[in-house]
Structure formats: structure tokens, C-alpha cells
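Just below is one structure, and these are the notes that go with it.
Quick note: residue numbers are just sequence positions, from 1.
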Amino acid sequence: MQTGQSQRRRGGACRNTGGKNTARSSRGSTSRPSSSDGSRSGSTVRFSFRLRSDKEKQPESQREIHTPVAMAPHPVVQAIIDLSAGAVGGAACVFSGQPLDTAKVKMQTFPGLYRGFLHCFLSIYRQVGLRGLYQGTSPALMANVAENSVLFMSYGFCQEVVRFTCSLEKGAALSDMQKACAGSVASVFSSLVLCPTELVKCRLQAMHEMAASGRIAAAQNSVWSVVKSIAQNEGPTGFFQGLTTTIAREVPGYFCFFGAYELCRTFFADYLRCSKDDIGVAPIVFSGGFGGACLWLVVYPMDCVKSRIQVMSMTSKQAGFFTTFMHIFRTEGFRALYSGLTPTMIRTFPANGALFLGYEASRKLMMSQFDS
């Protein structure tokens with residue numbers, strides 16, 4: 001009897017064990033797909049896991065972001081959008097930084113007349129009033145709107161040229177350095193528009209000092225009077241005084257400008273774990289200001305020479321860029337080439353920040369009309 005009971009207990013235990021094994025095997029079959037080759041199935045799971053981990057290691061700005069499908073606008077429409085967005089950015093740049101630009105031009109042209117930025121700023125206010133700080137706003141507005149419209153329109157076109165040169169597909173994402181090269185080439189086209197308007201602006205801004213020093217008979221206080229004087233005395237080519245210097249300033253300057261701007265946006269996108277288009281207002285303003293600061297630190301001596309040529313050409317024909325550069329260096333010293341840098345650096349963050357904020361916001365608004 002005991003032997004039979006022990007056998008029955010062992011049989012029950014075996015049945016329980018079998019049940020547990022059956023349950024375990026059934027759980028295993030639900031957690032892993034059945035396959036005729038178990039090793040192949042296991043390698044597939046491990047391979048897909050490695051792919052996920054590689055994507056997770058990528059910077060946030062380089063990850064593939066799934067957005068709603070958007071219809072690409074026609075190239076002509078795209079050019080109009082870039083031109084319009086550039087005009088908005090250029091207007092924002094002028095209104096936010098014109099008083100500091102006036103001080104910069106005066107200090108560049110007459111470095112011995114002012115002891116520093118504050119002395120120049122206060123002297124303008126005492127002599128002419130608040131209106132004097134905004135002297136040349138009309139041509140400055142024309143210059144910046146025209147320059148940035150052509151610049152950003154050409155920037156989009158030059159990006160396509162860079163894609164073609166680098167054998168990339170149409171619409172492929174460019175690196176920050178490739179965008180910097182596109183901006184540098186685009187600045188050649190914007191220089192042709194910028195030079196005549198900036199010539200009128202600089203002469204208006206320095207008109208009071210030129211008349212006070214006796215270098216010109218009477219001051220010209222309107223845009224039209226300056227334009228008429230240039231056309232009568234110097235002819236059509238007179239509007240392009242300082243063109244070579246402008247191009248020499250813009251090409252390296254805008255390489256630094258767009259390069260620093262895109263690198264800064266990439267940094268914020270990685271830090272905030274979002275795309276570069278969604279970093280927010282403050283990072284865009286800072287990125288634009290940082291790009292402007294890099295531009296002016298590199299090209300400021302060339303800008304000083306350009307201002308000197310354009311203003312002093314009111315009295316006599318000026319020598320070329322290199323001759324004027326060496327004359328300033330020998331007679332006034334290296335420091336004169338950086339006269340007016342302080343108001344420029346103070347101006348660059350609000351002005352260039354407003355430039356890119358106006359451009360990015362208006363472009364994004366217009367491009368959103370093409371979302372499906």
C-alpha cells in the first residue's frame with residue numbers, strides 16, 4: 001500500500017512538472033517567434049537592437065524627424081519667399097541698430113575727433129539731437145532691405161550650386177560649412193546692390209563733420225541731394241566707389257557670418273534635443289548675434305577702409321583699397337583701423353539677432369502655406 005501511494009505521488013509530481021514545463025514552453029513560444037532556424041531568428045533580433053542603439057547615439061539635430069509631407073514650392077516661388085523674408089529681416093536690422101551704426105561710421109571716418117563711443121554718441125545728440133542718431137536711416141533701410149533680399153535669395157540658389165558641386169541630391173541637407181560657403185558666394189551678388197546705397201548712407205552720416213571741417217562748402221541733408229550730387233559730379237560709376245573693398249569685406253565676412261550662425265543653431269538643437277527650426281526665439285537671436293560678432297571681428301579693418309573711401313571721395317578721387325589701407329596704417333596706426341569697434345559689437349547682437357529672427361519667422365510662415 002505504501003509502495004503504491006509513493007508511486008502515485010511520484011506520478012502526480014511528474015504530471016505537475018510536465019505542466020510547468022508545458023506552461024514554460026508556451027510562454028517561451030509567445031515571447032519569441034517560431035522559426036525553422038532558431039539561430040537565424042536570434043541574430044535578427046540582435047541586429048535590429050544594434051540599429052536602434054546607433055540611432056540613439058546620433059545628435060538630436062541629425063536624427064530623422066518624421067514631419068507631415070510638405071509640397072515643395074516652385075523655384076520661382078521659393079526665390080520670392082527668400083527675397084521677401086530677407087527684406088523683413090533687413091528692415092528689422094536697421095530699426096534696431098541704426099543709432100549705433102551712425103556712431104560707428106563717424107568714428108571710422110574721423111578717429112581723432114572723438115575720444116570714444118560715449119563721447120561720439122553724446123556729441124551727436126548735443127549737436128543735432130535725436131534725429132542725428134538716425135541720420136541716413138532712409139538709405140540704410142534701402143541698403144539693408146536690398147542687400148538682405150538679394151543675399152538670402154542668392155543664398156538659396158547658391159545652396160543648390162554647392163549641392164551640385166558636391167554631387168549631392170537635390171534638396172539634400174548641407175553641413176554647416178557647406179552653408180557657410182553658400183553664404184560667402186551669395187555675398188558677391190548682394191555687394192552689387194549694397195555698395196551704391198551704403199555710399200549714400202555713409203555720406204549722409206558724416207556730412208556734419210565734413211561741413212564743419214571745411215572740406216565741403218555746404219552740407220547736404222537729404223537723400224535726394226546726395227544722389228543728385230553724385231550723379232552730377234561723378235557720373236554713374238560714382239555710385240560704386242568702394243565696390244572692390246565691399247566685396248573684399250563681404251566674401252570672408254559672410255563665410256564667418258553664416259558658418260557661426262549655423263554652428264550655433266546646431267549646438268542649441270543638440271542641447272535642447274530638437275530640430276534646428278524649433279530651437280525658439282532666444283537661441284535664434286543669440287545665434288544671429290554670434291554670427292554678426294564673428295563677421296565684424298574678421299572684416300572690421302576692411303569696413304573702416306571702405307567707409308573712409310566712400311566719405312572722402314566727396315572731396316577728391318580716392319586711391320584704391322590697398323593704398324588707402326597702408327596710408328591709414330602708416331599715418332594713424334593700426335588702432336585707427338578698429339576705430340568704432342565698440343558700438344559695432346554692441347549693435348551686432350540686437351541688429352543681427354533681429355535680422356535672423358525676422359527672416360526665419362517670416363520664411364517659416366510663408367513656407368507653411370505649402371504644407372499638405
Side-chain donor-acceptor distances from residues 117-126 under 3.5 Å, at least two apart:
from : atom 1 : to   : atom 2 : distance (Å)
H119 : ND1    : R115 : N      : 3.1
S123 : OG     : H119 : O      : 2.6

Taking only distance into account, with no hydrogens and no angle test, what donor-acceptor pairs under 3.5 Å do side-chain atoms of residues 93-104 form with protein atoms, sequence neighbours excluded?
from : atom 1 : to   : atom 2 : distance (Å)
S96  : OG     : A92  : O      : 2.9
S96  : OG     : C93  : O      : 3.1
Q98  : NE2    : Q135 : O      : 3.3
D101 : OD2    : K201 : NZ     : 2.9
D101 : OD2    : Q205 : NE2    : 3.1
T102 : OG1    : Q98  : O      : 3.2
T102 : OG1    : L133 : O      : 2.9
T102 : OG1    : Q205 : NE2    : 3.4
K104 : NZ     : D303 : OD2    : 3.2

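When atom types are taken as modelled, the side chain of T165 and the backbone of V161 share a donor-acceptor pair closer than 3.5 angstrom. Between the side chain of S184 and the main chain of A180, no donor-acceptor pair closer than 3.5 Å is present.
Note: the hydrophobic cluster containing F325 also contains L297 (ILVMFWY, side chain heavy atoms under 4.5 Å, direct or indirect links). No path of Ile, Leu, Val, Met, Phe, Trp and Tyr side chains, each step under 4.5 Å between heavy atoms, connects L357 with L141, placing them in separate hydrophobic clusters. F255 is not connected to V150 by any chain of hydrophobic side-chain contacts under 4.5 Å among Ile, Leu, Val, Met, Phe, Trp and Tyr, and they are in different clusters. F240 and L194 are assigned to two separate hydrophobic clusters, defined by single-linkage of ILVMFWY side chains at heavy-atom distances under 4.5 Å. In the hydrophobic clustering of ILVMFWY residues, with side-chain heavy atoms under 4.5 Å counting as a link, M345 and F334 come out together.
The side chain to side chain contact (heavy atoms under 4.5 Å, CB included) test applied to V298 returns C256, not counting sequence neighbours. By the side chain to side chain contact (heavy atoms under 4.5 Å, CB included) test, F322 pairs with M326, sequence neighbours left out. Judged as a side chain to side chain contact (heavy atoms under 4.5 Å, CB included), and not counting sequence neighbours, the contacts of V188 are V251. K364 is linked by a salt bridge (charged side-chain N to carboxylate O under 4.0 Å, His left out) to D278, counting only residues two or more places apart in sequence or in another chain. Applying the salt bridge (charged side-chain N to carboxylate O under 4.0 Å, His left out) test to E198 and every residue at least two apart in sequence or in another chain returns R249, K306. The side chain to side chain contact (heavy atoms under 4.5 Å, CB included) search around F349 returns F286, A293, not counting sequence neighbours. Listed by chain and number, the residues in a ring pair (Phe, Tyr, Trp, His ring centres under 6.0 Å) with F257 are Y254, F356 (sequence neighbours excluded).
Note that CG of L151 and CD of E147 are 6.0 Å apart. Values are rounded to the nearest 0.5 Å. Note that CZ of F152 and OG of S190 are 10.0 Å apart. Values are rounded to the nearest 0.5 Å. Within the model, atoms SG of C264 and CG of D176 stand 10.5 Å from one another, a figure rounded to the nearest 0.5 Å. How far SG of C274 is from CZ of F268: 10.5 Å, rounded to the nearest 0.5 Å. Atom OG of S287 and atom CD of E360 lie 9.5 Å apart (nearest 0.5 Å). Note that CE of M302 is 13.0 Å distant from OG1 of T244, once rounded to the nearest 0.5 Å.
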Derivation of the side chain to side chain contact (heavy atoms under 4.5 Å, CB included) call for M153 and I80: CA-CA 7 Å; M153 184 181 67; I80 294 173; over 6 Å; no
Full working for side chain to side chain contact (heavy atoms under 4.5 Å, CB included) between T246 and L192: CA-CA 9 Å; T246 302; L192 300 174; over 6 Å; no
Steps toward side chain to side chain contact (heavy atoms under 4.5 Å, CB included) verdict (Y271, I279): CA-CA 9 Å; Y271 181 77; I279 57 177; over 6 Å; no
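Residue pairs satisfying the salt bridge (charged side-chain N to carboxylate O under 4.0 Å, His left out) criterion with at least one member in residues 80-90, sequence neighbours excluded, are listed as follows: D82-R363. Within the structure, side chain to side chain donor-acceptor pair (under 3.5 Å) contacts touching residues 337-358 (residues at least two apart or in different chains) are T348-N352.
V299 and G253 make their closest contact through CG1-CA, 3.5 Å (heavy atoms, listed as atom of the first residue, atom of the second, distance). For the pair C166 and Q178, the tightest heavy-atom approach, listed with the atom from each and the gap, is SG-NE2, 3.6 Å. A pairwise comparison of heavy atoms in G86 and Y359 identifies N-CD1, 3.8 Å as the closest pair. Taking every heavy atom of both residues into account, C202 and Q310 meet most closely at SG-OE1, 3.7 Å. Smallest separation of non-hydrogen atoms from I247 and S191: CG1-CB, 3.7 Å. Taking all atoms of both residues into account, the shortest heavy-atom contact from A336 to C304 is O-SG, 3.5 Å.
With a 4.5 Å cut-off on side-chain heavy atoms, F290 and Y261 do not count as touching. Under the 4.5 Å side-chain criterion, counting only non-hydrogen atoms from C-beta, R163 is not in contact with K170. Here the side chains of I230 and R203 are in contact, with some heavy-atom distance below 4.5 Å.
A ring-centre distance under 6.0 Å is not found for F157 and F189.
A 6.0 Å sphere centred on CZ of F329 holds no more than 12 heavy atoms belonging to other residues, nucleotides or ligands.
Taking Ile, Leu, Val, Met, Phe, Trp and Tyr as hydrophobic and joining them when side-chain heavy atoms fall under 4.5 Å apart, one finds L168 in a cluster with V162, L174.
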